[in-house]
Amino acid sequence: MRRTAYRLFRFISAVTYRTNRRFTAAGALVVSGVVMTGALGVDITQSAAHQVFGFLVALLSAAALCLPLLRARVHVERELPRVATAGEPFTYRVRVSNPGAAAVDGLSLIEDLADTRPAFETFRAAMTIPNYRAWKRLVNAARIVQVPEQALPALAPGAAAEIEVEAQALKRGIAHSRGVTVARADPLGLMRALMPVPRQANLVVLPRRYALPPFTLPGSRRYQQGGVALAASVGDSREFLGLREYRPGDPLQHIHWKSYARAAKPIVKEYQDEYFERHALLLDTFARPGGERSFEAAVSIAASFACTIETRECLLDLMFIGAEAYTYTAGRGQLQSGSLLEILAAVQPCRDKPFAALGEAAFARQQAMSGCICVLLGWDEARRELVHKLRSHGVALRVIAVTAEPVEERPAWLLVVDPDRPQDSLARL
Amino acid sequence: MNTLPLLLAAACALWGVQTGQWLIAAAAAVALEAPRVLPLRWNIEQVHFNRLSDFCSVLIVAVAVTLYFTFGNPRALLLLFQWLPVLLLPLALAQAWSNLPRIDVSAFVWTMRKDPGRDRYTLNLGYPCFAVWVFAASAANARGPGFYAGLVMLAAWALWAARPRRFPLAAWLIPLALAAGAGYGVQRGLQHARAWLEEAALEWLDTSGSRSDPYRSRTDLGHIGELKHDDAIVLRVRTEGGIRPPLLLHRASYNSYFGTTWAARNAPLEPRLPYGRSRWVLATGASPPVRVTVFDRSPRGNPVLSLPRGTVEVRGLEALVLKRNGLGTVQAESPPGYFTYAAWVDPAAATDGAPGEDDLRVPKSEQALVARLAEDLGLPDLSAESAVAAVEAHFARGFAYSTYRPPGARERPALAEFLLRTRAGHCEYFATATALLLRAAGVPARYATGFSAQEYSRLEDAYVVRVRHAHAWVKAYVNGAWRDVDTTPAAWASVEQDAASSWWSPLMDLWSWMRFRLSQLTAGARDEAATTALWTGVALLLAAWFGWRLYRQRRLIMIGKRGQPGEKTGSGATGGDSEFFLVERALARSGLPRGPGETVMEWLARIGPGLPEGMRELELIELASLHYRHRFDPAGLEPADRQRLKASAERWLALNAE
């Protein structure tokens with residue numbers, strides 16, 4: 001039964017989509033008039049509605065017959081930006097030119113975004129009683145960007161024009177655009193001829209980020225004055241400080257032979273070790289089936305940390321479990337923090353691995369990390385266990401739990417973030 | 001409204017021409033176009049549009065229900081569409097007179113109001129309003145080419161606004177002209193198709209089923225049989241005097257049989273009966289007639305009357321004209337709906353004319369069969385009276401009633417089967433066989449169809465005639481008078497009742513009774529002119545009350561000539577005439593101005609300590625609160641408070657101005 005409903009809804013949404021593209025507002029009014037008078041005018045002796053029906057059908061046919069004559073060639077150059085931020089508008093420029101010999105008018109630009117209708121499994125999991133309103137909500141929730149239709153100015157032969165398109169990024173993800181379609185209205189103004197221009201492009205929508213109050217990273221007991229942006233290598237580095245007298249126990253390879261020859265006593269080179277901080281950002285991707293809001297809030301919080309922490313002074317390891325255990329390092333010589341945001345834009349909840357995989361990934365690197373920021377999706381037994389184990393290994397922790405349910409016996413060092421008001425909760429960091 | 005100037009007025013005019021309601025059309029046109037010249041608007045918000053939309057929906061449902069009970073389908077639907085623009089006028093007026101250019105579609109779709117995350121669509125009601133007026137004009141059935149011409153001109157006018165400008169005029173005119181021509185062609189085509197369909201598939205068009213349509217003047221054997229399963233009530237009959245059940249109500253007679261069809265040949269529906277002193281006279285009778293009252297309903301208009309034999313007069317029928325054919329069918333010209341009439345019956349009166357040669361003709365296919373049977377019964381030697389008696393006796397003995405069964409494709413001719421082998425059938429077989437036998441015996445006979453009133457209903461206090469009481473019998477001309485000869489076994493009604501009634505029949509009867517009573521109550525509403533006047537009066541009262549409430553709420557705004565909210569504020573709606581402004585100016589002149597973006601109360605709190613002697617801060621604060629109410633309270637100040645504000649301000653100014 002659900003498969004029939006699914007097919008029916010797909011059909012209805014396809015018809016609606018095609019009608020919206022094909023008919024102008026006046027055309028839509030004429031179509032509804034055809035339907036109404038068609039129903040009313042079945043008995044032609046009782047009313048004159050069949051006259052209206054005949055005339056409106058003839059109007060639509062006349063408009064449809066004009067359509068093949070309207071297909072003018074229009075060149076379109078569009079540059080989608082590479083990134084945008086969820087919840088915020090973005091703009092880009094489109095340049096259209098008319099290479100033909102005749103002027104064109106009544107043009108609109110429609111962006112062909114990828115189809116966001118859900119697959120059958122998602123549909124079946126999402127609703128118990130299929131109804132069209134829930135279907136529409138599902139389709140709308142899967143949209144990543146929304147680009148309204150833009151009217152293009154009239155183009156004289158050989159002329160070009162540039163317009164600015166204002167679009168809205170709705171949620172994080174990767175939006176795929178198949179190209180644009182130029183629509184041209186017929187002389188009656190009822191229907192439009194559609195001329196598709198294929199231009200594949202991707203747009204990465206970064207997760208929404210929140211402003212974080214000033215906070216201290218866990219485990220940073222030493223503060224390097226002026227930062228250590230001097231060395232080019234990562235991890236331990238030995239900087240030559242100077243020469244000093246040999247002390248018993250110095251390794252023989254540090255002896256500076258030329259000075260030994262000059263001074264007639266052993267001289268060794270002195271090095272100073274620089275230590276870099278390496279912080280871990282642990283993102284819990286084990287979301288419950290109904291916990292999409294918490295998951296999005298957790299990703300946004302992780303993104304806020306990733307772009308706030310200065311990676312010139314330390315390294316940041318982003319760890320999460322996806323198809324496998326992923327670790328991405330940002331810092332000198334490694335990825336930029338912008339790349340971390342793009343990675344976070346594509347993170348999906350992990351449904352097939354056990355929660356223990358996160359613990360294993362954390363312990364695998366716990367020797368190297370100075371401190372760890374954990375962004376968890378709740379405060380249940382397994383997560384308590386993970387935090388306890390990390391603490392017992394001596395790792396300094398900052399734990400944030402994103403959950404809407406109240407947490408009993410909340411320890412003082414745990415920050416609970418409400419997924420509906422993350423900015424307010426983060427202010428208490 | 002964003003329509004072209006005067007377009008809506010033209011649409012209202014078209015509606016007025018089609019329906020004849022000039023007053024309403026003119027008033028609506030003026031009300032919808034006046035905002036173009038009057039710089040007056042109401043401050044109507046989205047939430048008010050929601051309420052107006054709900055009000056209009058309730059109004060439409062109420063009117064639809066009333067119309068359905070008064071007129072029945074399909075006329076109720078047409079009337080509803082015809083009056084739809086008037087029922088939606090509150091919404092249209094609200095859009096025309098408000099300063100909101102577009103309204104959210106959630107006003108019309110209730111489920112959208114509950115969904116906060118949806119996309120927002122807004123529209124202006126101008127062109128939808130125009131479309132509704134034009135469609136409503138089409139629902140009124142004024143004939144003539146004027147409507148199509150008006151439709152094309154209005155559509156061209158409206159499309160003028162929507163066309164892309166760069167195309168040459170010819171590129172717009174040619175498709176439009178082609179569409180107009182093609183539309184006209186489609187219309188003629190539909191009319192021809194209907195005429196053809198009427199000829200070819202007659203029963204399919206006759207949706208009521210129980211009416212034998214005298215236009216067709218034919219009935220097939222089996223037509224009445226197919227009605228036997230239908231339990232719906234069609235007539236209610238009240239008798240007086242000596243008339244007792246079963247009463248045969250005659251609707252149509254036929255004189256010519258061929259194949260399996262009876263037809264009425266050479267019997268057109270003329271002439272018109274004379275009408276005098278509120279009654280139609282069909283014949284003259286000798287003895288004083290007895291009254292039989294019939295309550296009937298015709299869904300499509302122009303009904304055929306069900307009359308007992310010997311009806312001499314028909315009284316109390318609201319019809320323009322009554323027509324009769326030579327075979328006894330009487331048809332009235334009246335609009336669809338419930339109707340009632342009284343048939344004055346004198347059983348001895350001669351209402352049908354003398355028989356013709358059609359009444360004696362037996363078709364070739366049945367001649368052999370019928371002649372042999374007549375011989376067997378010895379009919380040709382008998383007199384008319386005895387022949388009838390003999391035929392009745394023959395059918396009463398050895399023949400049974402059986403319910404109708406549609407014949408298969410390759411069965412033998414049904415009449416022969418009935419007469420010779422099965423000896424069982426329904427009323428049409430009995431009547432046909434009787435008529436042919438009598439004709440073979442030399443007695444003129446006609447095949448009569450109609451209803452049999454037998455069932456008395458205590459709920460209705462009348463005889464209730466159902467569809468399955470449709471019956472066929474024979475009219476035989478004996479001794480100079482036509483008489484009813486019914487050879488169907490008398491138990492046929494109870495057999496059909498057992499076959500057709502089901503457990504929900506009492507409910508259907510109750511429903512039918514309720515509709516009938518409601519129609520009786522609203523019988524006065526059939527007079528359309530009076531109802532129009534009544535509803536117009538009600539609408540005017542409502543509009544006046546609504547306008548008075550709006551005025552009281554001070555939602556009136558004066559806008560500039562270009563439709564923008566003007567700087568000059570009038571009639572105190574935004575409180576721009578408050579005297580507190582003079583006080584503020586006086587204080588500014590004395591060196592204590594109000595900062596930009598500073599509220600009045602903040603300002604007073606700031607300057608309070610610095611006020612010179614004699615200026616009392618508390619008085620200023622009281623003035624300020626009155627001023628706030630005057631400027632920002634949607635209900636405005638009471639007249640007494642307004643006076644207080646004025647007086648206090650003037651007093652303060654008098655005391656403290658240098």
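By convention in this document, chain letters (A, B, ...) are assigned in the order of the sequence lines, proteins followed by strands, and residues within each chain are numbered from 1. Hydrogens, waters and symmetry mates play no part in the numbers below; they use all other heavy atoms, side chains included.
Only the side chain of A:Leu29 comes within contact range of chain B, with at least one heavy atom under 4.5 Å from a heavy atom of that chain. Of the atoms belonging to A:Leu65, not a single heavy atom falls under 4.5 Å from chain B. At a 4.5 Å heavy-atom cutoff, the contact between A:Val52 and chain B is made by backbone and side-chain atoms alike. Neither the backbone nor the side chain of A:Leu60 has a heavy atom closer than 4.5 Å to any heavy atom of chain B. Proximity to chain B (any heavy atom under 4.5 Å) is shown, for A:Ala185, by both the backbone and the side chain. For B:Leu190, the parts lying under 4.5 angstrom from a heavy atom of chain A are both the backbone and the side chain. Of the two parts of A:Ala26, only the side chain, counted from C-beta on, holds a non-hydrogen atom closer than 4.5 Å to a non-hydrogen atom of chain B. A:Leu170 does not touch chain B: none of its heavy atoms, backbone or side chain, sits under 4.5 Å away. Of the two parts of B:Val152, the backbone and the side chain both hold a non-hydrogen atom closer than 4.5 Å to a non-hydrogen atom of chain A.
At most 12 non-hydrogen atoms from other residues, nucleotides or ligands lie less than 6.0 angstrom from CD1 of A:Ile129.
When B:Ala171, B:Ala182, B:Ala137 are compared by the number of non-hydrogen pairs under 4.5 Å with chain A, B:Ala171 comes out ahead.
Taking every heavy atom of both residues into account, B:Gly183 and A:Ala58 meet most closely at N-CB, 3.6 Å. The two residues B:Ala155 and A:Phe55 have their closest heavy-atom pair at CB-CE2, 3.4 Å.
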Report the donor-acceptor contacts between chain B and chain A below 3.5 Å as a table, one pair per row.
from, atom 1, to, atom 2, distance (Å)
B:Asp119, OD1, A:Arg143, NH2, 3.2
B:Asp119, OD2, A:Arg143, NH1, 3.4
B:Ser138, O, A:Ala48, N, 2.8
B:Ser138, O, A:Ala49, N, 3.4
B:Asn141, ND2, A:Thr45, O, 2.9
B:Asn141, ND2, A:Gln46, O, 3.3
B:Arg143, NH2, A:Ile44, O, 3.2
B:Arg143, NH2, A:Thr45, O, 3.2
B:Arg165, N, A:Asp105, OD2, 3.3
B:Arg166, N, A:Asp105, OD2, 2.8

